[in-house]
Amino acid sequence: MRSGRHRDGFIASWILRTEERNLLGWCLLGIGFGFLMIWSTMIQRGIPLGIGDLLVFGGYAVALISIHLIFVLGRFQGDQILVIAVNFLCGIGMLVQYRLGSFDTQGISRPLLLYPLSLICMALLTLMVRQGRYQLLMSGMWPWFWGLFSIMVLVLLLLFGQRFRGGVYAIGLMTPSEVLKFTCGLFTASLIARYAKTLGDWRLLKTHLFSPWLIGFIGIWCLLVLLLIMLSDVGLLLILGLSLVITLYVGTWHLGYVLIAVISSGALLTLILSLFPHAVRRIDSWLDPFRDPTGGSWQVLQGLSGLYSGGLWGEGFGLGAPHFTPIASSDFVYTVIGEELGFAGTLLLLAIYALLLNRILQIASRTTSDPGRLLVVALFSTLTTQVVLNVAGVTGLIPLTGLPLPFISLGGSSLIVTLGLMAFILAISEDNGARRHVTKKTKRLHKK
Amino acid sequence: MTSIGSFVGPLGANLWPLLTVSLQAGFLLVTVFIVKSLFTLSSAIPFRQSTRSKRSPQVAVWLLMIVFGGILIHQASWQLFGASRPKFIAFMQLHDRRLYNPAHRIQRGRILDHHGAVLAYSDERLGHVFRIYPMGEAFAHVVGYNHPWYGSTGMEAVATAPLNGGAPADLFEWGQRGRELLTGDKRPSGRDLTLTLDAGLQREAFRLLQHERGAVIAIEPTHGAIRALVSTPSFDPNRLEPALFAGRDTTTPFLNRATQGLYPPGSVYKIVLALLAIENGFVGSFESNSNGFTTSPRYRAIRDYEYYLAQNRGGTWAGHGRIDLATAFSRSSNVFFAQLGVSLGHESFYRINERLLINQQIPIAESPYGSWSMRTGSLPPLNPSDRYGLAQMSIGQGQVLVTPAYLALITAAIANGGLAVRPRLVENDTIEVLGPLTSPDHAMRLSHLLRRVVTEGTARGIARDHLPIAGKTGTAENAGGAAHSWFVGFAPAHRPRLVIAVLIEHGGAGSRVAAPLALRLFEHAAAHGLLE
């Protein structure tokens, strides 16, 4: 029977993913328009177009086609909206980075391949962890491994990292701590899912006060916070902390955790402000950006100047002067989009982020397995926090936290980790109730 | 691949913008389509309530929408309505090197006098907008300046947001802003600002005063419109230099002497004492002879001006004899007023000063982006047993200090039947009553006293049949040198249309310096219909 349905399976899958195919085509068209805009401004300025320039767009096209084929051939039945949104956001990321000259177009280089390869890897990873296989990474002793792994990464970074702009980086300004967004999510979500009943009931929790899992959980988290403060990575601390609180709340529906979080974050904030002078400076320049316009507020004001220059429609993609904004390609990439595509462009960008995040929430609400649901929630809060803190920071609504904008900011480690998260959410999206593919291995685990 | 450039080259320079716009439109339209499709697809598959809880993830979605909406609104307040943030515009004009930034080309609104004469306008040269002040020094303190390096002062500072087009007031202006945004106008225009000033009177006052240090303020008493506001020495707002700001110039050209400069009022202050006497129903008289008056033999006697005049000439002066309030006021007898003040007492002296708004800041132009207030004066508390101090203050010496604008303000109230109107600089500002300073009857009686000063008193030098002026001269002793010369008055005396206060630092006798200057201004005002 299985072999008889093989052909039907392929056709069914091909038909099932029609929407994805159509809209990926539209993505290709939209991003194509973007590349045409940049190329036309290059010609206008007399910059010769090379084969490498065409390759950037070619890579994007190849990635889109490959992803679709991988999912169709793999009979993947997971969400299509996520795939479209992620691919379009990555397309915008490629456009902006290409426009800012982040890619070396003289021949085939690593940054040039980064986006297409990471996208294809996301699709492959999705197939690897689908059908409940992701739950393997959340069962048994695995959560403890993820927790200890996170600590190890931070310790190594603390020992061998180099200080730059108030933060600690590995060689070549890589940020291996990005991987914590993933490992901490796995660690937290699986343990909360496992002990949800105890955590949700104060009286029951009291009897477990000295059980090793609770001590371990709290201990690892305290160590993480301590290490992150030592690394002065306030941004990551915020992301992980918020993700912990939201996952705890969704796992237990206990408002007490939110209350505890508010109190402890207040205490943590005063500690951070007393420890880091650069955090105080950022808050000062947020409160009154014009007190020190050429010093502490220079970045934000240059970004805002770019936005003001862009106006409603933008200067035209490729026609702005985003190089006047410091670190335009990473933290301030949003203001570059605002400058060149205008308020209208940023509105659409935020709409796509909103649809993506909305979709992730929908997936969480439809996931019946607790570990899966909580993992989606943890990854959702990670993504949301990054988007909100970055965009609100560069527009001056909140102090700058120095977080990258997911999918768009320059940074290989950030992109790879974010797409890795998306692979897990995609895999979980396939796994909702009606179509559960439980393998023998996970069946055994469930019996346990 | 370089051939692409030469291949597309013949497209022509004017077609490039069209291509850019259509490509961008294409990009945005495709993005809109993708957003719309994703939205339709998401709503096709509804949320499902979690089996174990009644909590809907919809709440989280709403929260997210609120956060994103808040960010976009905040972003719009910079990106689309940045003109309402004057410091932001100034920052961009100074520090932003994007040549296409509209901040460099804002057609800032003009500043006009009440007849529409241009006091400030913007002119674009080589891609940068410069602010030009055609009447230069004469208006420097009122109009102020707006300069990317030196910031802004005066009305340029107070009204900077509406001048930049950042504070649309009506539907028409909102429409204009909207059009500018939609069309991506790189030359946004601001709103003109009309002041109450009369350019002719202001220039005449500046011309008369420019070689002195002093101030002139002219106020329309019933509506509070400031017709002239001059302070000298002045500076040229078209030519600001770092040296100006170094503070080495001891003549303090940036100080607006009319609204901020505190001076001993001298005899002009007798207006306040006379009002106090009238209100208290004083009908008596005091002896005013050449021996002067003092509260104790330990203190130097307060004497009349005529005594010193006679002494300087080597002669003697017999004294006024026993005189009443009207005579003492018109002759400006120090001896009389010192006795009057001491006999009326501390309490009533401080009470009337408080009612007459001493020790206050009164805004003459205000906006959410800044305000400009005139100081009234400074009257520190006095020990009730210090009768000599009170006697000194009663003749406008000692510790009492006032601004020229303050004297104009209370004289305007007297000319207006006792009702003080807030002085204002912006034509469209609402007329605001500061309160009755005294009753119409008392104001009328004081007006008669002021008229007598010109008809038969110290200011009879400026008596003209065709131009009935009422006013008071003042010659204020000060530690810095020759006496300050004062005159404050209104005309026509029976139907006041204009109040003028003149101060000339170290100018000498008020009757010989300040009063004639005021006369010339009244004559100018009359010739130009300001007294109609």
Side-chain angles (χ1 to χ4, degrees), chain A residues 19 23 26-27 29-30 33-34 36-37 40 43-44 46 48-51 81 84-85 88 253 290 293-294 301 304-305 307-313 315-317 319 321 324 338 343-348 350-352 354-355 357-359 361-362 364-366 368 384 388 391-392 395-397, chain B residues 1-2 4-5 8-9 16 19-21 23-24 26-28 30-35 37-39 41-42 45-51 53 55-57 60-61 64-65 67-68 70-72 74-76 78-80 82 87-88 91-92 94-103 181-182 184:
Chain A
E19 299 291 357
L23 278 171
W26 282 100
C27 287
L29 180 69
F33 272 130
L36 280 176
M37 279 160 80
S40 78
I43 294 168
Q44 258 175 287
L49 283 177
I51 194 85
I81 295 175
I84 300 156
F88 192 67
W253 296 120
F290 298 105
T294 54
L301 285 177
L304 290 169
S305 303
L307 286 180
Y308 181 77
S309 308
L312 183 59
W313 300 116
E315 193 53 30
F317 215 22
L319 290 173
F324 289 135
F343 186 73
T346 58
L347 181 75
L348 289 172
L350 284 190
I352 293 175
L355 284 166
L357 295 172
N358 172 59
R359 191 62 185 167
L361 273 178
Q362 283 184 327
S365 82
R366 298 177 69 83
T368 45
T384 311
V388 169
V391 176
T395 53
L397 188 61
Chain B
M1 293 314 288
T2 46
I4 293 178
V8 194
W16 281 115
L19 181 71
T20 311
V21 168
L23 283 175
Q24 190 169 348
F27 177 81
L28 288 177
V30 171
T31 312
V32 167
F33 177 75
I34 290 172
V35 167
S37 311
L38 287 181
F39 183 75
L41 282 176
S42 320
I45 312 164
F47 277 100
R48 196 167 61 186
Q49 292 282 318
S50 173
T51 43
S53 102
R55 291 163 183 84
S56 166
V61 176
L64 205 61
M65 292 295 108
V67 170
F68 275 28
I71 291 174
L72 280 170
H74 181 76
Q75 183 188 337
W78 293 93
Q79 187 163 18
L80 305 180
K87 284 178 176 171
F88 182 43
F91 170 84
M92 290 192 289
L94 189 55
H95 294 298
D96 190 26
R97 285 177 291 165
R98 294 171 180 85
L99 294 178
Y100 53 86
N101 188 333
L181 278 178
L182 282 175

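Throughout, protein chains are lettered first and strands after them, A, B, ... in sequence-line order, and every chain is numbered starting at 1.
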Task: Heavy-atom pair count under 4.5 Å with chain B, highest-scoring of A:Gly34, A:Ala351, A:Pro293 - done: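 Option with the greatest count: A:Pro293.
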Task: Worked check of side chain to side chain contact (heavy atoms under 4.5 Å, CB included) between B:Phe33 and A:Leu29 - done: CA-CA 11 Å; B:Phe33 177 75; A:Leu29 180 69; over 6 Å; no
Open item on the list: Counting only non-hydrogen atoms closer than 4.5 Å, does A:Phe88 touch chain B with its backbone (N, CA, C, O), its side chain (CB onward), both, or neither?
Closed with: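 Only the side chain of A:Phe88 comes within 4.5 Å of chain B.
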- [ ] Go through the atoms of A:Leu301 and report whether side chain, backbone, both or neither lie under 4.5 Å from a heavy atom of chain B.
- [x]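 Contact with chain B: backbone and side chain both.
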Task: Largest heavy-atom contact set with chain A, pairs under 4.5 Å, which of B:Met92, B:His74, B:Met65 - done: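 Maximum pair count with chain A is reached by B:His74.
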Open item on the list: With no hydrogens and no angle check, just 3.5 Å: does a side-chain donor-acceptor pair link A:Thr346 and B:Gln75?
Closed with: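 A:Thr346 vs B:Gln75: donor-acceptor pair found between side chains.
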Open item on the list: I need the minimum non-hydrogen distance between A:Ser309 and B:Asp96, along with the two atoms involved.
Closed with: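 Answer, listing the atom of A:Ser309 first, then B:Asp96: OG-OD2, 3.7 Å.
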Task: Closest non-hydrogen atom pair between B:Leu28 and A:Gly345, with its separation - done: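 Heavy-atom minimum between the residues: CD2-CA, 4.3 Å.
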Open item on the list: With heavy-atom distances below 4.5 Å as the criterion, would you say the side chains of A:Trp313 and B:Leu181 are in contact?
Closed with: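 No, every pair of side-chain atoms sits at 4.5 Å or beyond.
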Straight-line distance of [X] [atom1] to [Y] [atom2], nearest 0.5 Å:
{"X": "B:Thr20", "Y": "A:Leu36", "atom1": "OG1", "atom2": "CG", "answer": "11.0 Å"}
{"X": "A:Ser305", "Y": "B:Asn101", "atom1": "OG", "atom2": "CG", "answer": "6.5 Å"}
{"X": "A:Phe343", "Y": "B:Leu72", "atom1": "CZ", "atom2": "CG", "answer": "4.5 Å"}
{"X": "A:Ser40", "Y": "B:Leu23", "atom1": "OG", "atom2": "CG", "answer": "5.5 Å"}
{"X": "B:Leu38", "Y": "A:Trp26", "atom1": "CG", "atom2": "CH2", "answer": "13.0 Å"}
{"X": "A:Leu347", "Y": "B:Phe68", "atom1": "CG", "atom2": "CZ", "answer": "11.5 Å"}

Task: Partner set under side-chain contact (heavy atoms from CB on, under 4.5 Å) for A:Ala321, not counting sequence neighbours - done: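 If we apply the side-chain contact (heavy atoms from CB on, under 4.5 Å) test to A:Ala321, skipping adjacent residues, the hits are A:His323, A:Phe324, A:Glu339, B:Arg98, B:Tyr100.
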Open item on the list: Strictly distance-based, threshold 3.5 Å: is any side-chain N or O of A:Glu19 a donor or acceptor partner for the main-chain N or O of B:Leu41?
Closed with: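 Judged by distance alone, no pair lies under 3.5 Å.
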For [X], is it the side chain, the backbone, both or neither that has a heavy atom under 4.5 Å from a heavy atom of chain A?
{"X": "B:Phe91", "answer": "side chain"}
{"X": "B:Val21", "answer": "neither"}
{"X": "B:Leu182", "answer": "both"}

Task: Step-by-step side chain to side chain contact (heavy atoms under 4.5 Å, CB included) determination, B:Leu64 to A:Asn358 - done: CA-CA 9 Å; B:Leu64 205 61; A:Asn358 172 59; 5.8 Å; no
- [ ] Not counting sequence neighbours, which residues clear ring-ring contact (aromatic ring centres under 6.0 Å, His included) with B:Phe88? List them please.
- [x]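 Partners of B:Phe88 by the ring-ring contact (aromatic ring centres under 6.0 Å, His included) criterion, ordered by chain and then number, come out as A:Tyr308, B:Trp78.
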- [ ] Might you work through the side chain to side chain contact (heavy atoms under 4.5 Å, CB included) test for B:Val67 and A:Thr384, ending with a clear yes or no?
- [x] CA-CA 11 Å; B:Val67 170; A:Thr384 311; over 6 Å; no
Open item on the list: Counting only heavy atoms from other residues, nucleotides and ligands, does the tally under 6.0 Å from CG of B:Leu99 exceed 12?
Closed with: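 Atom CG in B:Leu99 is not crowded, with 12 or fewer foreign heavy atoms closer than 6.0 Å.
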